[in-house]
Amino acid sequence: MTLARQTLKQHPKRITAAIAALMLGGGGGAFAVASFAPDASDLPVRQVLESVQALPANLASDDLNIEQFKLFRTELTRSSDTADTLLKRLGVDDAAAATFLRTDSSARLLLGRSGRSVTTETSDTNSLLKLSARWTADTDGNFNRLVIEKTPQGFQSRIETAPLTATSRLASGTIQTSLFAATDDARIPDAIATQLAEIFSSNIDFHRSLRKGDRFSIVYETLEGDGEPLRSGRVLSAEFVNGDKTFQAMWFQEPVAGGTPIADASHAKDSRSKGGYFTLDGQSLRRSFLASPMEFSRVTSGFKMRFHPILQTWKAHLGIDYAAPTGTPVRSIGDGVVQFAGVQNGFGNVIYVDHGNNRLTVYGHLSRINVRKGEHVGQSQNIGAVGATGWATGPHLHFEFRINGKPTDPMTVARQSEAVAITASAKPLFTRLASAARVQLSAAASIQQSSAQ
């Protein structure tokens, strides 16, 4: 009891708290544990004073072990860029760098041009340390690199050349309104979308025959410099479902003597010209006639076939009208000889091309004629431009395909025209590549299916 009184006298608050806790938890069998450590207010307090040596006022930042950091940023140039606006978008605050861009002959290559990839390396105070810009100037498989660096003597520039790197990309899409709207949704470059239309141009008239719900899958090249996409390469393989018909294609080049096939656009031009597109069973897609006299483009992709605006009847019209802006290029759909080039009645400026075997094509309402009577023309050759001459209420191309003087659907003619098959010696290699193309196209198609889910 003497010990209890002594403890209660020394720690009255602790004992009281413990008793209260036991009383509160007693009914339910639960209990609380109170600490019997000394009360902090009862502990002795000591004050310790020590002198501290002040740091020198002129101590260098390196002695403080403070690491400076660098900032990196990439932008595309715009045609309206000045030295100041470009550097501002890149986060650079450096008057000397802006002056250098305005005065150096190599640095000025960045200004007034759009689409060039620029990467900057700056200090933590946003002053320029290094600038690199990349662009392609030709199709020889190389790209140019402009390098601007800060040196003890000031900024210096140099232009280097390095090889492009080809990488493959997969994509797919579904037509809702137009091909370009679908490729935009799939983030496919316009150049690839145009190639896609041209590859199947003998089977599908992309001006007239697209339907909502049509699907496509595609494997294509992107050509990169220093890891940055600089331009599109070629379509490597593609599949297009138009209505209830499926069309497939792949790029193939037969082996040359002592060599191997060229499979990408980064190789030499003389090698690239020997390849072509084939169906996956080995039939060439280059046929004697194209289905359309105009290349597919973003400008014309939204236009559809229409009735003759004056006669309002297909029977009297005897052809196809392609609405397009004045000046849109018109091409010959096949090899032939110009039978007539000049002004004729309601056709206005018109061209007749004789393709032999009583096959004739007509191109009317032209704003410009680029060929002469008796001239030989090749497939896809530019022969004129869309206009509104003759009996026309607006700019469009009137096109006819006549066999034995009778108008015929050019799509039917294109599909039935001759095609070239793979040679027997190249067939085993083609079969292996076609098998790989099927796997890639299946993977491309699954991209859209996965995103839809």
Side-chain angles (χ1 to χ4, degrees), residues 68-169 187-192 194-195 220-236 262-273 275:
Q68 296 181 344
F69 58 87
K70 297 178 180 178
L71 302 172
F72 296 86
R73 187 165 181 174
T74 298
E75 287 280 350
L76 292 178
T77 59
R78 301 171 184 171
S79 59
S80 59
D81 273 334
T82 64
D84 295 302
T85 59
L86 176 60
L87 292 179
K88 183 177 180 180
R89 255 195 354 271
L90 288 162
V92 178
D93 184 11
D94 192 326
T99 300
F100 186 80
L101 257 65
R102 284 192 292 266
T103 57
D104 182 76
S105 59
S106 296
R108 286 201 304 269
L109 293 174
L110 287 179
L111 306 179
R113 295 171 174 83
S114 61
R116 294 189 172 181
S117 176
V118 183
T119 301
T120 54
E121 176 184 330
T122 64
S123 68
D124 51 3
T125 60
N126 295 322
S127 62
L128 182 65
L129 302 176
K130 184 178 180 179
L131 180 149
S132 299
R134 295 156 293 274
W135 69 90
T136 57
D138 48 46
T139 57
D140 63 357
N142 294 320
F143 71 97
N144 294 327
R145 182 194 298 120
L146 168 66
V147 180
I148 299 174
E149 287 186 293
K150 189 174 186 178
T151 70
Q153 293 75 36
F155 288 104
Q156 295 182 356
S157 68
R158 64 182 184 274
I159 295 181
E160 305 168 339
T161 301
L164 289 163
T165 301
T167 60
S168 298
R169 298 196 177 190
R187 298 184 179 181
I188 297 172
D190 281 2
I192 297 299
T194 301
Q195 285 186 54
Y220 66 95
E221 288 178 324
T222 293
L223 302 180
E224 300 178 348
D226 297 335
E228 292 286 337
L230 297 184
R231 65 179 175 85
S232 303
R234 68 158 55 96
V235 172
L236 300 177
I262 304 300
D264 64 70
S266 60
H267 290 75
K269 287 180 283 187
D270 60 341
S271 297
R272 291 170 56 197
S273 64

Backbone N or O of [Y] within a donor-acceptor pair of the [X] side chain at under 3.5 Å?
X: Glu221; Y: Arg234; value: yes
X: Asp104; Y: Ser106; value: yes
X: Gln195; Y: Gly233; value: yes

**Prompt:** Of all residues at least two apart in sequence or in a different chain, which pass the salt bridge (charged side-chain N to carboxylate O under 4.0 Å, His left out) check with Asp81?
**Reply:**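 For Asp81, the residues satisfying salt bridge (charged side-chain N to carboxylate O under 4.0 Å, His left out) (neighbours in sequence not counted) are Arg89.
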So which atom in [X] and which in [Y] form the shortest heavy-atom distance, rounded to 0.1 Å?
X: Phe155; Y: Asp94; answer: CZ-OD2, 3.9 Å
X: Pro163; Y: Asn142; answer: CA-OD1, 3.4 Å
X: Ser157; Y: Ile148; answer: CB-CG1, 4.0 Å

Any [X] side-chain heavy atom under 4.5 Å of [Y] side chain:
X: Leu236; Y: Ser168; result: yes
X: Leu90; Y: Thr122; result: no
X: Val118; Y: Thr77; result: yes
X: Leu76; Y: Ser117; result: yes

**Residue pair Thr125 / Ser123, side-chain donor-acceptor N/O under 3.5 Å** =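 Per modelled atom types, Thr125 and Ser123 side chains form a pair under 3.5 Å.
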**Prompt:** Can you find a side-chain donor-acceptor pair between Thr82 and Arg102 that sits under 3.5 Å?
**Reply:**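 Judged by distance alone, the side chains do not pair up.
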How long is the gap from [atom1] on [X] to [atom2] on [Y], to the nearest 0.5 Å?
X: Lys150; Y: Glu121; atom1: NZ; atom2: CD; answer: 12.0 Å
X: Leu87; Y: Leu131; atom1: CG; atom2: CG; answer: 7.5 Å
X: Leu129; Y: Lys70; atom1: CG; atom2: NZ; answer: 6.0 Å

Solution key, residues 107-114 side-chain donor-acceptor pairs under 3.5 Å, sequence neighbours excluded:
residue: Arg108; atom: NH1; partner: Thr103; partner atom: O; Å: 2.8
residue: Arg113; atom: NH1; partner: Leu109; partner atom: O; Å: 3.3
residue: Arg113; atom: NH1; partner: Leu111; partner atom: O; Å: 3.4

**Message:** So, applying side-chain contact (heavy atoms from CB on, under 4.5 Å) with Leu230, which one of Glu224, Arg116, Arg134 is it?
**Reply:** Arg134
**Message:** Quick check on side-chain contact (heavy atoms from CB on, under 4.5 Å): which of Thr165, Thr136, Leu223, Thr161 does Phe143 satisfy it with?
**Reply:**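 Checked Thr165, Thr136, Leu223, Thr161 against Phe143; only one passes side-chain contact (heavy atoms from CB on, under 4.5 Å): Thr136.
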**Message:** Could you check whether atom CG of Asp93 has more than 12 heavy atoms from other residues, nucleotides or ligands sitting under 6.0 Å from it?
**Reply:**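 It does not: Asp93 CG has 12 such atoms or fewer within range.
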